[in-house]
There are 2 protein chains.
Amino acid sequence: MTGRTIGARTTVRLTLTEYAVLGLLGGLARPISGYDLRKLIESSVGFIWQPSKTQVYVVLPRLVGMGLATRREVEQRDRPDKQLYRITPRGRSAVRAWLDADEDSSDPDRSILLLKLFFGAQADRQALVRQLIAFRDAYASRLAVYRSMRPAAADTAAGASDEFTALTLNYGIARARAAVDWANAALKELDR
Amino acid sequence: MTGRTIGARTTVRLTLTEYAVLGLLGGLARPISGYDLRKLIESSVGFIWQPSKTQVYVVLPRLVGMGLATRREVEQRDRPDKQLYRITPRGRSAVRAWLDADEDSSDPDRSILLLKLFFGAQADRQALVRQLIAFRDAYASRLAVYRSMRPAAADTAAGASDEFTALTLNYGIARARAAVDWANAALKELDR
DNA sequence: GGATCCATGTAACGGGTTACATGATTCG
DNA sequence: CGAATCATGTAACCCGTTACATGGATCC
C-alpha cells in the first residue's frame, strides 16, 4: 500500500492531477490506456487543464497502488503492449467526495471549480451549485475591490501611479466581470 | 558569486518572481525592505501576481548575490533592524532585457505579459506593443478553437457529451473573449 | 529512408508553498 | 494582558515539468 491511505478507508486526499485522471476514468464505460487517456484529455478537458504527458503515466500506477483503479495488461502483436486502467468503486467514491466537498476558494483563479464542473455528471447537483455560487461571489468581491482601486490607479496627478497600472487593473476587472457573468449564466442553466 | 552568472555579464535568466521583484525595485526612487516590499506588492501588483511572503526574503538576497541589487543594513532601536535593497545598473538592464524580449507565448494564461505590462514604464514601448499583439492573437486563435468545439460539446444527441462540457467550454470562451477585447482596448490606449 | 504513430516509463530538476522559529514593541 | 505590527529567515515538502530512453510498425 502506497502512502496516504489513512487508516482502513478513511478520506483520501489526492493531488489535482490524480482527481482529474480519476474523474476521467469515472466517466468512461470501458478501461483505457495511458496513451489514449492523453488523447482524450487533449480533445476534452484540455482547454481547462492539461498535465504534462509523462504525468499521466506516473499518476495511473499510483491510483492502482491506492486501490482507486485497477490495471490489466493487454498484449498486442504489431504494436507495444498496453496497460488498461479502470476505476474501482473506492475510486468512484473518492471522486465523488472530492466533487462534493466545498473548496476553501480564496483563490478562484486556480479554477478547480471548472475542473469539477467538467465532471459535473458524476457530482451532486446541489454541491455543484453551492460551489458555483461561492465561485461567483469570490469573483464578485474581487471585482468590487478592483473597481475601488481604479481611481487610485488613474491618479496621474500624483505623478507616481501610471497608465500601466490602470491598464493591467482593467484586465483584472474584465476577467472578473466575465467570470461573474458566466457563473450567473451557468447557474441559470443548472437550474433548468 | 551564486550560480547562473554566465561568463562575465552575458544575459541572465531569472525566475518570474525574481524579475517581478527586480521590476518593483526598478520602479522605486529609494531602497526598500523586504517587509515593505511585501506590503507594496499587496497594494499594487497583487491582483496580477503575488508570491508567498517568505519567497520575497529568499529572492532579495539572491538578487544581491547576482549583482542585480545591493543591500544595506539599517539599525533601528525600538524595532528590528532591517535590510534595505536597491537595484543596480546591471539589475536595471536585466529587467529591461526581460521586458523587451518576446515571450514564446504558447500559453497566454500564465500572464507573464500582464506582469510585464505592469512594469511598462520601464519598458520599450514598441516591444510592449509587439507582445500585446502576440498576446491578443494567441487568445484569438484559442477563441476560434473553442468556438469550433462548441457544436461537438452541445451534441447531446450522441448521448456522450453532456451539458457540463458545454458549460465549461463557455467559460473558456468568455475568458478568451474578454482577453481579446481588453487587449484591443489596451493597444488603442498605448497608441495615443 | 525518414517522419510519425503507438506505448510506457525513469531521473533530475525547478519553482514555489507551508510550517516553523524568534522577539521586541505598541495598541486596544 | 493579549493581539497585532514590525522584521527576517530556514527547512521540509510538494507538485509538476523537461530531458532522456526505447523500439517496432506504418505511412509518404
Side-chain angles (χ1 to χ4, degrees), chain A residues 2-4 12-22 31-43 48-66 69 71-85 98 104 106-107 109-112 115, chain B residues 2-4 12-22 31-43 49-66 69 71-85 104 106-107 109-112 115:
Chain A
T2 332
R4 266 176 309 171
V12 212
R13 276 239 75 203
L14 305 179
T15 67
L16 194 62
T17 312
E18 284 165 348
Y19 279 124
V21 167
L22 211 50
I32 193 171
S33 68
Y35 189 86
D36 286 335
L37 189 61
R38 273 170 42 213
K39 300 215 301 187
L40 176 63
I41 289 171
E42 264 170 52
S43 65
I48 293 179
W49 160 90
Q50 198 156 25
S52 81
K53 105 177 199 249
T54 42
Q55 206 31 17
V56 170
Y57 291 113
V58 174
V59 163
L60 282 171
R62 213 148 67 191
L63 292 176
V64 173
M66 290 185 280
R71 170 217 292 245
R72 178 166 56 93
E73 178 150 22
V74 174
E75 279 169 47
Q76 295 182 120
R77 24 187 172 122
D78 296 358
R79 49 180 72 186
D81 296 353
K82 58 177 169 180
Q83 318 287 330
L84 295 186
Y85 294 87
W98 173 63
D104 54 271
S106 46
D107 175 20
D109 268 351
R110 272 194 74 209
S111 74
I112 296 177
L115 195 55
Chain B
T2 333
R4 264 176 312 171
V12 212
R13 276 240 75 204
L14 305 178
T15 67
L16 194 62
T17 311
E18 285 165 346
Y19 280 125
V21 167
L22 212 49
I32 192 172
S33 70
Y35 189 85
D36 286 335
L37 189 62
R38 273 170 42 212
K39 300 215 301 188
L40 176 63
I41 290 171
E42 264 171 51
S43 67
W49 160 91
Q50 200 158 24
S52 81
K53 105 174 199 254
T54 42
Q55 210 24 23
V56 170
Y57 291 112
V58 174
V59 163
L60 282 170
R62 214 149 66 192
L63 293 176
V64 173
M66 292 185 279
R71 171 218 289 245
R72 177 165 58 91
E73 179 149 21
V74 174
E75 280 169 45
Q76 297 182 119
R77 25 188 170 121
D78 296 358
R79 49 182 71 189
D81 296 351
K82 58 178 168 179
Q83 318 287 330
L84 295 186
Y85 294 87
D104 55 89
S106 47
D107 175 19
D109 267 351
R110 270 194 78 207
S111 74
I112 297 177
L115 196 54

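Numbered from 1 within each chain, the chains take letters A, B, ... in sequence-line order.
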Quiz item: What distance do B:Thr17 atom OG1 and B:Gln55 atom CD have between them, rounded to the nearest 0.5 Å?
Solution: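 Answer rounded to 0.5 Å: 5.0 Å.
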Quiz prompt | Gap between atom OH of A:Tyr35 and atom CD of A:Gln83 - 0.5 Å precision | solution =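 Here the rounded value is 15.5 Å.
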[X], nearest nucleotide to its side chain (from [options]):
X	options	value
A:Val58	C:dT10, D:dA7, C:dT17	C:dT10
A:Arg71	C:dT8, C:dT18, C:dG9	C:dG9
A:Asp36	C:dT17, C:dT8, C:dA7	C:dA7

Practice problem: Have a look at the helix from C:dG1-D:dC28 to C:dG28-D:dC1 and give the angle its two end axes make, five pairs each, rounded to 10 degrees. | Solution: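 The angle, to the nearest 10 degrees, is 50°.
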Quiz item: With A:Ile41, which of A:Asp36, A:Val56, A:Ile48 fulfils side chain to side chain contact (heavy atoms under 4.5 Å, CB included)?
Solution: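 Per the side chain to side chain contact (heavy atoms under 4.5 Å, CB included) rule, the option paired with A:Ile41 is A:Val56, out of A:Asp36, A:Val56, A:Ile48.
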Quiz item: DNA chain D: B:Arg38 or A:Gln55, which has the more 5' nearest nucleotide?
Solution: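 So the residue in question is B:Arg38.
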Practice problem: Identify the two heavy atoms, one from A:Arg71 and one from A:Val64, that lie closest to each other, and give their separation to 0.1 Å. | Solution: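 Taking A:Arg71 first and A:Val64 second, the nearest heavy atoms are CB-CG2, 4.0 Å.
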Exercise. Mind listing the closest non-hydrogen atom pair of B:Tyr19 and B:Arg13 along with its distance?
Key: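 B:Tyr19 and B:Arg13 have their closest heavy atoms at OH-CA, 3.8 Å.
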Practice problem: At under 4.0 Å between heavy atoms, which parts of nucleotides 20-28 of chain C does protein reach? Answer with one letter per nucleotide, 5' to 3': B base, S sugar-phosphate only, - none. | Solution: ---B-SS--
Quiz prompt | Sugar-phosphate only, base, or nothing, as touched by B:Tyr85 at under 4.0 Å among non-hydrogen atoms | solution =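 The answer is sugar-phosphate, as B:Tyr85 gets under 4.0 Å only of primed atoms, P, OP1 or OP2.
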